[in-house]
Each structure stands twice: as structure tokens, then as C-alpha cells.
A.B. asks: 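This is the structure I have questions about; it appears just below.
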Amino acid sequence: MPRFEQEPDPVFWELNASLSFDRRLAPYDVRGSRAHARALLGAGVLTAEELDELLGGLDAVAAELEAGEFPFESSDEDIHMAVERRLTEIVGPLGGKLHTGRSRNDQVATDLALFVADRAVRAVDLLAVAMGTLLTLADAHHDWRLPGYTHLQRAQPVSLGHHLLAWFWMLRRDADRFSAAGVAAGAMPLGTGALAGLNWELDREATASELGFDRLAENSIDAVSNRDFALDYLHAATVCSTHLSRMGSEIVLWSTSEFGFCRPAEEYSSGSSIMPQKMNPDAAELLRAKAPRVQSDYTNLAGVLHGLPLAYSKDLQEDKEPLFDAVDTVELSLRALAGMLEGISFDRERMEAAAGDEMAAATDIADLLVRRGMPFREAHGVVGGLVRHALANDIQLSEIGRDELAGFSELLDDEYYEVLAEGSWLDSKLSRGGTSSAAVSAQLELARESLAELAR
Ligand code: ARG
């Protein structure tokens, strides 16, 4: 470093160097450097021959990186310095021209934006795979019944297809959030320099379109300070992993002997080292547990950014590890979810037996009274009386005799027993988005269209 007489202290070096983690930005750094070199030709900084030579050198660097043969050195502070150092070794002092009109501040912001844009697309692709599997499952289990729960107490029966579609829509919203993070990453910082702009007329538009950005960061101070796109990705990842956690939690519950609703795929379960009978739903448990880790990645970066004056400060180097951790965690989780869903099986008998609990039809009997003119609150009280009576006598609601019914309300007649008859509750849920077979079919169609839209 030009103005320094002392070598950096090794402890400071260890604290300051980011190569150990930012080397995964290498492909983006090389891409950015190629585009920047072309802009330097346009600005008259490089001749055509020099540009060719630099591009050739960058190709060689890229090849070494890809082959895992890039000779990193302990004196490389970060990936940007490493690439430039190696380029200069390959092409000679000409390599030193590449950093004209560029600062590591706009360079690193550009690399990171390219990275986030790529991984946002990947997250959407992985979500689409899991959503496709959910649609297949929902279709196949379209009219299987299980209890729906509130407070984890049996509430009203629903169809399994309906419940699986609830998972589908959670993921569908995640896809929108990841896409929005990709859009946020679409403004190119490159060409803004350290913070104030450049002494060179670079064709930023051309560089942006070469790199796949759809617009320019319009303020040089903001360009080098902005990490909102990373925060947006982390937010999307936080909500997504929270969803995966809730799904994982249901699969864990459903696979207990107590519920017995599903059997996770063997390939996604493990045995116990001591209890031979065990098959544990480890994948579902881990999905359940990953969410706080991703949340803390979000909190980590939000904390780094909070109170940070503009423009670049070294604090911003701390943006990468939480981001990378969240990317790796969420991508692996999504792949595991898709794989786990591929092999899951459901136990129709267990679910139907649980759903057949007549108490779940209590609201429907109240609605019968309402159709006959009774205010709902009053009907709620009448049915409460019927439930108490059945529980006290250890009988089913349908076992209350026809003549006893009148004692609860004049308005109760044979239709009371029809409401309690098998299955009638499910198909009585007429409303759009409800659990009747017709409404679930309509919903499946909407979900299919919504997934197809994502692929467009
Ligand atoms: N390694 C740095 C980072 O990740 C690159 C930018 C360094 N800029 C600087 N002015 N020291 O943020």
C-alpha cells in the first residue's frame, strides 16, 4: 500500500481480509471485469489490442478459478485484489489499467447484486419444483378427509388436498418475495467509483446490459452504500424458512403414532442407534429448526446496516457471510422439502377416522338452526347444550334421540341427522377457497395457473 511504511499486523490481516468467504463471488468479479474492460475501450483508456489482451487474461483467470487451480496467495486481501493480482501476473503491467475508473466499492456492490439476482432466480426455481410436487399430491388426495385444527384441537374436517394447497400458497408468496429481491438487485452500481462518480465517460448503459442489469443505480453515493437487495433476499429467505418450519412441524406431528396421518419417505428419515423400531422424521425436524438461523442472518445484516453513515464503510464487508449462509440454508432446505414430499405417504384410514369425529360438525348444526331463523349466538348456545349432553352420556351427537331433540330446540328435526351423516360437512363448505370438493377443484386450477405464470 503506497502510503504505508509498516506491513499490516497479522491479527489485523486476519480481521480485515475477506478472501476466505468472498471468493465465491469470483465468477461475478470476472464477469464485471470483462464488462468494465469493454467500457474502458469506449472511454479511450484501452486500445483494441489492450482490450483483447486483458480479456484473454481474464479468460485464463476464469479458467483457473473454474478448475480450482487459481493460485490464491496469503497476501490476497479479497477476491477483487486476487483477480487483479493474478491478471497482472498473466498479462503484465497492462493488468494495472483495469482498475481505471473503478473502485472496489462499486465493484463489490456490483458483484453482490449479480450474486443476489442469480440466487433469487434459483430460489424461485427450487420453489417451483416443490410447488409442482404439492400440486400432484393435492390432486391425488383431493377428497381425503382429515381434521382441520385450531389451537391444535380438532376443529372442522378439511380435505387433505385443501391442506396441501395451503402449503402451496405459502410457497407461491415466497416466490414473489424472491422475485422482488431479484428486481431490487437489478440496478447496476458499477461506474459510480468510490462514491462520487468518475473522471471518465463510461457507457454505463452498455455495461449494464452486458451484465444483465435492467437499470443503473442513479446516485453514486447510494450505489456504493446500498445493500437493500441483500436485505430483501434475506427477508424472503426468512419468511420462506418460516414456512418450511411450519410445514416441517406438521409433518413431524402427523408422523407420530398419536396422529399416524403420514409416513415420511425412508430416504428422508433416520433410525435410532438404540431403538430398532424407530423411524424418525429428521428432514422435517431440520426444516422446522432452520428458520431461526435464517432469521438471524437477516437480523445480522440489518444490524450491520443500521446507523451506518453513507457511503462505503468496511462494515459493509460483513454483508456477505449472513447472506451466503441464508442462501445455502434456504436452497438446501427447499431441495430437501421437494425430495421429502416426493416420497411422503398418507394414511387415509387414520385421517378419516379422526375426521369422522361428529363434534366437528357442531358449527354445521348451528348453521342449520340459523337457516331456520335463529340468531347465530343463540344457536351456538343450543349446540353447546347438545354437546354437553352427548359428552355427559358418553354418546355421539347422532345418538341423541329424535324426541329428545325438541327439548333443545323446536327447530331441530330429521335434518339434524342428515347434517351429521358421513361427509355432509365437507361438501357443505360452499364458499370460494373453502374445503368442498368443488371449491378445492377450482382452487387446484387456480394454483396450476399461478405456478405456470411463474415459469413465464
Ligand atoms: N472486501 C471489501 C468488501 O467486501 C471490498 C471493498 C473494499 N473497499 C474498500 N474501500 N476498502 O466490502
Side-chain angles (χ1 to χ4, degrees), residues 1-4 6-33 35-36 61 65 70 72-88 95-96 98-119 185 187-199 211 217 219-234 297 300-328:
M1 281 289 141
R3 64 167 279 189
F4 287 84
Q6 305 292 330
E7 287 298 311
D9 187 279
V11 174
F12 168 66
W13 186 261
E14 198 181 329
L15 175 70
N16 190 46
S18 52
L19 183 68
S20 62
F21 49 87
D22 68 14
R23 62 171 73 189
R24 72 188 283 180
L25 293 177
Y28 305 99
D29 205 69
V30 173
R31 247 164 80 193
S33 293
H36 182 63
V61 168
L65 284 162
F70 184 97
F72 285 107
E73 277 177 18
S74 58
S75 56
D76 294 332
E77 181 187 320
D78 58 23
I79 188 61
H80 324 291
M81 302 296 257
V83 167
E84 191 182 328
R85 190 252 318 143
R86 183 66 187 137
L87 176 67
T88 306
L98 179 63
H99 212 54
T100 316
R102 186 175 73 172
S103 153
R104 273 188 294 159
N105 299 352
D106 59 347
Q107 190 178 355
V108 71
T110 301
D111 291 3
L112 203 72
L114 288 171
F115 174 81
V116 167
D118 263 8
R119 303 315 268 250
M188 186 184 76
L190 201 62
T192 56
L195 81 163
L198 306 171
N199 298 330
L211 290 175
N219 179 303
S220 61
I221 300 172
D222 180 42
V224 294
S225 315
N226 175 25
R227 296 294 184 273
D228 295 0
F229 52 85
L231 213 48
D232 289 345
Y233 179 99
L234 285 167
D297 289 329
N300 186 334
L301 181 57
V304 167
L305 296 175
H306 120 278
L308 196 65
L310 309 185
Y312 181 86
S313 296
K314 202 51 170 285
D315 308 49
L316 288 174
Q317 180 165 285
E318 291 288 308
D319 57 2
K320 290 167 205 63
E321 285 168 295
L323 177 66
F324 295 161
D325 183 68
V327 165
D328 294 340

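Numbering of ligands and ligand atoms starts at 1, following listing order. In what follows, every heavy atom counts, from backbone to side chain, and hydrogens, waters and symmetry copies are set aside.
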A.B. asks: Could you tell me the separation between the NE2 atom of H80 and the CG atom of L19, rounded to the nearest 0.5 Å?
C.D. replies: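 Answer rounded to 0.5 Å: 9.5 Å.
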
A.B. asks: With Y312, which residues qualify under ring pair (Phe, Tyr, Trp, His ring centres under 6.0 Å), at least two apart?
C.D. replies: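 Y312 satisfies ring pair (Phe, Tyr, Trp, His ring centres under 6.0 Å) with no residue once adjacent residues are dropped.
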
A.B. asks: Could you give the distance from CG (N300) to CG (D325), rounded to the nearest 0.5 Å?
C.D. replies: 9.0 Å

A.B. asks: If you look at each N/O of ligand 1, which protein N/O atoms lie under 3.5 Å away, and at what distance?
C.D. replies:
from: ligand 1; atom 1: 1 (N); to: S18; atom 2: OG; distance (Å): 3.1
from: ligand 1; atom 1: 1 (N); to: D78; atom 2: OD2; distance (Å): 2.9
from: ligand 1; atom 1: 1 (N); to: Q317; atom 2: OE1; distance (Å): 2.7
from: ligand 1; atom 1: 4 (O); to: K320; atom 2: NZ; distance (Å): 2.6
from: ligand 1; atom 1: 8 (N); to: N105; atom 2: OD1; distance (Å): 3.0
from: ligand 1; atom 1: 10 (N); to: N105; atom 2: OD1; distance (Å): 3.0
from: ligand 1; atom 1: 12 (O); to: Y312; atom 2: OH; distance (Å): 2.5

A.B. asks: Which pairs pass side-chain hydrogen bond (donor to acceptor under 3.5 Å, both in side chains) with one or both residues in residues 222-232, sequence neighbours excluded?
C.D. replies: R227-D319

A.B. asks: Using the side chain to side chain contact (heavy atoms under 4.5 Å, CB included) criterion, which residues pair with D9? Sequence neighbours excluded.
C.D. replies: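 In terms of side chain to side chain contact (heavy atoms under 4.5 Å, CB included), with neighbours along the sequence ignored, D9 is linked to V11, F12.
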
A.B. asks: Find the distance between CD (E318) and CG (L305) and round it off to the nearest 0.5 Å.
C.D. replies: 11.0 Å

